[in-house]
Amino acid sequence: MGPASPVLVLNQNYEPLNVCTVRRAFVLVDRGKAEILENGRGYLHTASQLFEMPSVIRLVYLIRRPRPNGRLTRRDVFLRDGFTCQYCGKPTKELTLDHVLPRHRDGAHDWENVVAACKGCNHRKAGHTPHEAHMALMHRPVRPRVTTAYLVLPYVESQSSWEKFLSGWL
Ligand SMILES: [Zn+2]
C-alpha cells in the first residue's frame, strides 16, 4: 500500500463518486475539501509527521457527478470490451489495441474507433479496415456510459473496507 493505492471518493451525501489515489486524497483532505472516513492504509511517515493514509474519503461539499473523462487508456478499452477480442471473441489477457480505421488512414484514437483485439487478429488485420481484411466486429464500439459501478467494480474484490460504503448504491 502506498501513495498510488486506490481511494474511494464519496460525495457529500455519501454517494460513491469516483476512485482516486492516496496521493490525490491527501491533497483534497489537506485543502479542506474532503474528510477521511476510513483509514485503511495505515500511516505514512515523514521526517516530522505521521499522516493517515485513507481508503475512503468524503467530499465536504456536494458536487454534481463528474463528466466522463476524455482520456482513453488501454485499460478503459479492455474493460469496456470485457477483456475479449472484438474480432474473434476470444477472452484473453494478451490483448492489443486496434484502431478499426487504421491511424495512418486518419482513424481517430477515440471510443468509436478503438477496440480490444487479440494478437492474432491484430496481426491478421494489420493496416487494413475490417472489410478489407474480411473480418467483422462483434459489436460496434461506443463510448461507455461512465457509471459509478464501471469505475468502482474493478477494485471491489481487493478493497474490503469499501463494502459498507457501496452497499445500496451499486
Ligand atoms: Zn482475436
Side-chain angles (χ1 to χ4, degrees), residues 1-11 15-25 27-28 38 40-41 53-57 63-170:
M1 286 303 166
S5 299
V7 175
L8 177 64
V9 182
L10 305 182
N11 210 339
E15 180 186 4
L17 264 188
N18 205 348
V19 177
C20 74
T21 61
V22 165
R23 188 181 294 114
R24 172 76 183 143
V27 173
L28 290 170
E38 198 80 6
R41 305 265 182 258
M53 295 224 285
S55 61
V56 182
I57 62 172
I63 66 157
R64 297 174 54 152
R65 297 189 59 80
R67 298 229 307 266
N69 85 43
R71 210 183 40 176
L72 184 61
T73 66
R74 293 164 56 85
R75 183 174 168 78
D76 292 332
V77 175
F78 297 166
L79 269 173
R80 180 198 64 184
D81 293 345
F83 291 89
T84 299
C85 173
Q86 293 302 291
Y87 292 102
C88 69
K90 186 170 74 178
T92 170
K93 299 259 180 202
E94 298 262 287
L95 282 170
T96 61
L97 271 194
D98 174 64
H99 291 88
V100 178
L101 177 65
R103 299 220 75 178
H104 70 271
R105 288 163 68 176
D106 295 328
H109 184 72
D110 62 20
W111 284 111
E112 290 80 15
N113 192 49
V114 174
V115 296
C118 72
K119 285 182 174 170
C121 287
N122 202 328
H123 185 74
R124 191 177 139 211
K125 181 169 172 286
H128 303 292
T129 65
H131 180 74
E132 290 165 352
H134 306 290
M135 296 167 77
L137 282 167
M138 300 177 58
H139 311 279
R140 191 170 63 88
V142 294
R143 171 181 293 274
R145 252 167 37 98
V146 175
T147 62
T148 299
Y150 177 82
L151 292 167
V152 169
L153 282 177
Y155 299 96
V156 165
E157 259 183 61
S158 59
Q159 306 297 328
S160 56
S161 68
W162 295 7
E163 270 170 30
K164 64 181 176 209
F165 297 100
L166 295 174
S167 67
W169 290 101
L170 297 187

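Counting begins at 1 with the first residue of the sequence. Atoms within a ligand are numbered from 1 in the order they appear, just like the ligands themselves.
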Between the side chains of Y87 and N122, is a donor N or O closer than 3.5 angstrom to an acceptor N or O?
no
Do T84 and D81 meet the criterion of a side-chain donor-acceptor pair at a distance under 3.5 Å?
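There is no such pair (donor and acceptor under 3.5 Å, judged by atom type) between the side chains of T84 and D81.
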Any salt bridge between K164 and E38, counting N to O under 4.0 Å?
yes
Roughly how far apart are L8 CG and Y155 OH, rounded to 0.5 Å?
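Here the interatomic distance stands at 11.0 Å.
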Listing by chain and number, which protein N, O or S atoms are under 2.8 Å from the Zn ion (ligand 1)?
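Near the Zn ion (ligand 1), the protein supplies C85 SG, C88 SG, C118 SG, C121 SG.
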Quick one: list whatever passes side chain to side chain contact (heavy atoms under 4.5 Å, CB included) with H139, sequence neighbours left out.
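Applying side chain to side chain contact (heavy atoms under 4.5 Å, CB included) to H139 gives Q86.
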L10 and its side-chain contact (heavy atoms from CB on, under 4.5 Å) partner, picked from L166, L17, V56
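Single pass found, and it is V56.
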